[in-house]
Enquirer: 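I am attaching a structure below and will ask some questions about it afterwards.
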Amino acid sequence: MAASGAGVPMRREVLQLYRSLLRVTRQFCDYNIREYSKRRTMDAFRDNKNLRDPSQLSAAFSHGKAQLEVAKRQSLLYSLYSPKLKDNLGVLVVEEVELE
């Protein structure tokens, strides 16, 4: 990314950031977190779609890159500590024991 340090990010870089954020959201194990992250990403880009001021564009782009790093870290943490399911339905399988 050429505009990582100074200047206004180019359209290609903004789209690349958007796709990267959506790609990371797909890695969340939990459906609710995945959909929340996806919705927040789409809403943020939609809200900033009409920015024209170079300083605001740079600030929004920097904030987006920081959020991408946070999302990557959280995705990794959630994958490490997510509950492991016992069967396909997510139901804990308990063996029946006959009492004599």
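Everything numeric here is computed off the predicted structure, so don't read it as measured data.
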Enquirer: Any heavy-atom pair between the side chains of Leu77 and Gln74 that's under 4.5 Å?
Expert: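 A side-chain contact under 4.5 Å exists here.
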Enquirer: Tell me, please, which residues at least two apart from Ala71 pass side-chain contact (heavy atoms from CB on, under 4.5 Å).
Expert: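 Listed in chain order: Val24.
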Enquirer: How far apart are the closest heavy atoms of Lys49 and Arg52, and which atoms are they?
Expert: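 Nearest pair, atom of Lys49 first, then Arg52: O-NH1, 4.1 Å.
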Enquirer: Which distance, rounded to the nearest 0.5 Å, do you find between the NZ of Lys65 and the OG of Ser20?
Expert: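 Taking NZ in Lys65 and OG in Ser20, the distance rounds to 11.5 Å.
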Enquirer: Let me confirm one number: the CD-NZ distance from Gln67 to Lys72, rounded to the nearest 0.5 Å.
Expert: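 Taking CD in Gln67 and NZ in Lys72, the distance rounds to 13.0 Å.
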Enquirer: Under the side-chain contact (heavy atoms from CB on, under 4.5 Å) rule, collect the residues that match up with Asp53, sequence neighbours excluded.
Expert: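 With sequence neighbours excluded, Asp53 shows a side-chain contact (heavy atoms from CB on, under 4.5 Å) to Ser55, Gln56, given in chain and number order.
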Enquirer: In Å and rounded to the nearest 0.5 Å, what is the OG1 to CG distance from Thr25 to Leu21?
Expert: 8.0 Å
Enquirer: Find out whether Val14 and Tyr18 are in side-chain contact, i.e. whether some heavy atom of one side chain is under 4.5 Å from a heavy atom of the other.
Expert: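 No, every pair of side-chain atoms sits at 4.5 Å or beyond.
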Enquirer: Taking C-beta and beyond as the side chain, do Leu17 and Phe45 meet within less than 4.5 Å on heavy atoms?
Expert: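 Heavy-atom side-chain distance check passes, below 4.5 Å.
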Enquirer: Between Arg40 and Asp43, is there a side-chain N and carboxylate O pair less than 4.0 Å apart?
Expert: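 Looking at Arg40 and Asp43, the cut-off is not met.
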Enquirer: Sequence neighbours left out, what passes salt bridge (charged side-chain N to carboxylate O under 4.0 Å, His left out) with Arg19? Give chain and number order.
Expert: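 Here no residue qualifies.
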Enquirer: With rounding to the nearest 0.5 angstrom, report the CZ to CG distance, Arg23 to Leu68.
Expert: 10.0 Å
Enquirer: Indicate the atoms forming the closest heavy-atom contact of Ser79 with Cys29, along with that distance.
Expert: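 Closest approach of Ser79 to Cys29, heavy atoms only: CA-SG, 4.1 Å.
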Enquirer: Please enumerate all residues that pass side-chain hydrogen bond (donor to acceptor under 3.5 Å, both in side chains) together with Asn50, with sequence neighbours excluded.
Expert: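 Asn50 satisfies side-chain hydrogen bond (donor to acceptor under 3.5 Å, both in side chains) with no other residue.
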Enquirer: According to side-chain contact (heavy atoms from CB on, under 4.5 Å), who are the partners of Asp47, at least two apart in sequence or on a separate chain?
Expert: none
Enquirer: Enter the distance from Leu51:CG to Phe61:CZ here, rounded to the nearest 0.5 Å.
Expert: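 It comes to 13.0 Å.
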Enquirer: Restricting to side-chain contact (heavy atoms from CB on, under 4.5 Å), what partner residues turn up for Ile33, sequence neighbours left out?
Expert: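 Ile33 satisfies side-chain contact (heavy atoms from CB on, under 4.5 Å) with Phe28, Asp30, Ser37, Tyr78 only.
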Enquirer: With rounding to the nearest 0.5 angstrom, report the CZ to CZ distance, Arg34 to Arg39.
Expert: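 So the CZ of Arg34 and the CZ of Arg39 are separated by 13.0 Å.
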Enquirer: For the side chain of Glu35 and the backbone of Asn32, is there at least one donor-acceptor N/O pair under 3.5 Å apart?
Expert: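 Pair absent, no side-chain N/O of Glu35 close to backbone of Asn32.
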